[in-house]
> 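Below you'll find the structure I mean.
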Amino acid sequence: MKQKSAEYYISEIKRMKAEKNAIILAHYYQTGDIQDIADFVGDSLALSQKAAANDADIIVFAGVKFMAETAKILAPEKKVLLPDLNAGCSLADSCRAVDFEKFIKDNPGRTIITYVNTTAEIKALSDISCTSSNAVQIVESLPVNEKILFAPDRNLGNYVLNETGRDIVIWNGTCHVHEEFSLEAILRLKKENPGAKIIVHPECELPVRMVADFIGSTSALLHFTKTDKADCYIVATEAGIIHQMKKYNPGKKYIPAPGIDSTCGCSECSFMKLVTIEKIYNCLRDENPEILVDMNILVKAQRPIKRMIEISDKLGL
Ligand code: SF4
């Protein structure tokens, strides 16, 4: 069968969106062409807020499964579609409910804060969700003596622990993209580009965080490059964000931080990149694959996400 052009898919997606009252929410780690057709592009926090407050009947989630699940949990009456069901997340997969229940039992009496990069089952076991945009503030919003259990990203957990000095036990999970950045290669790039600033996501390992000029969530890194005076950045997070950075400041230079294995293209999340324009077209046309969450789990998982959104709204995040 003859392959249709990108223009065809894009114009059909626009037509079907209007016809079906659908919106496309895209994460910053999607490819530039997908970001450009989305109704809203953002990080996990902004996308959760958007999923909770919109008038669409259908949400097409250009991202990974836990994000689409979060949208379904927040808007159970809507149809939520994920263009490729294989778009998972190594970090979410590192925390299985059966193991997490044991971890909670082994560490009783703690408030359970879990990163939004988790399955619906893990959210259902949690007290508050967080994202990298608000993790520090969520922890700081709790009484000083409150004991905390944080999961699943150990690097973000250690970053939050260092920033807040709170009593936190941390699950040992990592993201395969953010733990792969090579400190050696970043320092070599810095030598070649002495004016460049190293900007780093808190999911990165401590040695990489230690050489950072700025550490922040994906949206915080974007904001930094918009307002900062430097004209070159070494970007240690998923390279998809560079599309937005270039849009706001096309005159600046953005260098994706290389991975330990120079042949692997490690600065790209292979799960995020499973979504394509063609798959978005197919899923909007067929209204499939649809994300469904068991109602019992969904109701329990609503509580921590809503609490996160309430605290974030209160703090103006
Ligand atoms: S970048 Fe890491 S945390 Fe984000 S979806 Fe990919 S594997 Fe998961």
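Counting starts at 1 for both ligands and their atoms, following the listed order. These figures come from a predicted structure and were not determined experimentally.
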> Can you tell me how far NZ of Lys102 sits from CD1 of Ile104, rounded to the nearest 0.5 angstrom?
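Atom-to-atom, Ile104:CD1 and Lys102:NZ are 12.0 Å apart.
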> Taking the non-hydrogen atoms of His176, is any one of them nearer than 4.0 angstrom to ligand 1?
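Yes.
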> Any donor and acceptor pair, going by atom type alone, linking the side chain of Arg285 with main-chain N or O of Ile13 inside 3.5 Å?
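Flag not set: sc Arg285 to bb Ile13 has no pair under 3.5 Å.
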> Strictly under 2.8 Å, is any N, O or S atom of Cys89 next to atom 8 (Fe) of ligand 1?
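Of the N, O and S atoms in Cys89, at least one lies under 2.8 Å from atom 8 (Fe) of ligand 1, which means yes.
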> Keeping the roles fixed (side chain from Glu146, backbone from Arg166), state whether a donor-acceptor pair exists under 3.5 Å.
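No; judged by distance alone, with no hydrogens or angles, the pair does not exist.
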> Do any N/O/S atoms of Cys269 come under 2.8 Å of atom 6 (Fe) of ligand 1?
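Checking Cys269: at least one N, O or S atom is under 2.8 Å.
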> Report yes or no: is the cationic atom of Lys226 (NZ for Lys, CZ for Arg) under 6.0 Å from the centre of the six-membered ring of Tyr248, at an angle within 45° of the ring normal?
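Yes; both conditions hold, so Lys226 lies above the ring face of Tyr248.
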> Pick whichever of Thr237, Thr218, Asn117 has a heavy atom sitting closest to atom 3 (S) of ligand 1.
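Considering heavy atoms of Thr237, Thr218, Asn117, the nearest to atom 3 (S) of ligand 1 sits in Asn117.
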> Please determine whether side chain to side chain donor-acceptor pair (under 3.5 Å) holds for the pair His201 and Thr237, giving the CA-CA distance in whole Å, both sets of side-chain angles, and the decisive distance to 0.1 Å.
CA-CA 6 Å; His201 194 280; Thr237 190; 4.7 Å; no
> Looking at Ser90, which atoms of ligand 1 are within less than 4.0 Å of one of its heavy atoms?
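Counting atoms of ligand 1 from 1, those under 4.0 Å from Ser90 are 7 (S).
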> For atom 2 (Fe) of ligand 1, which of Ala87, Gly88, Cys175 has the closest heavy atom?
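Of the listed residues, Cys175 has the closest heavy atom.
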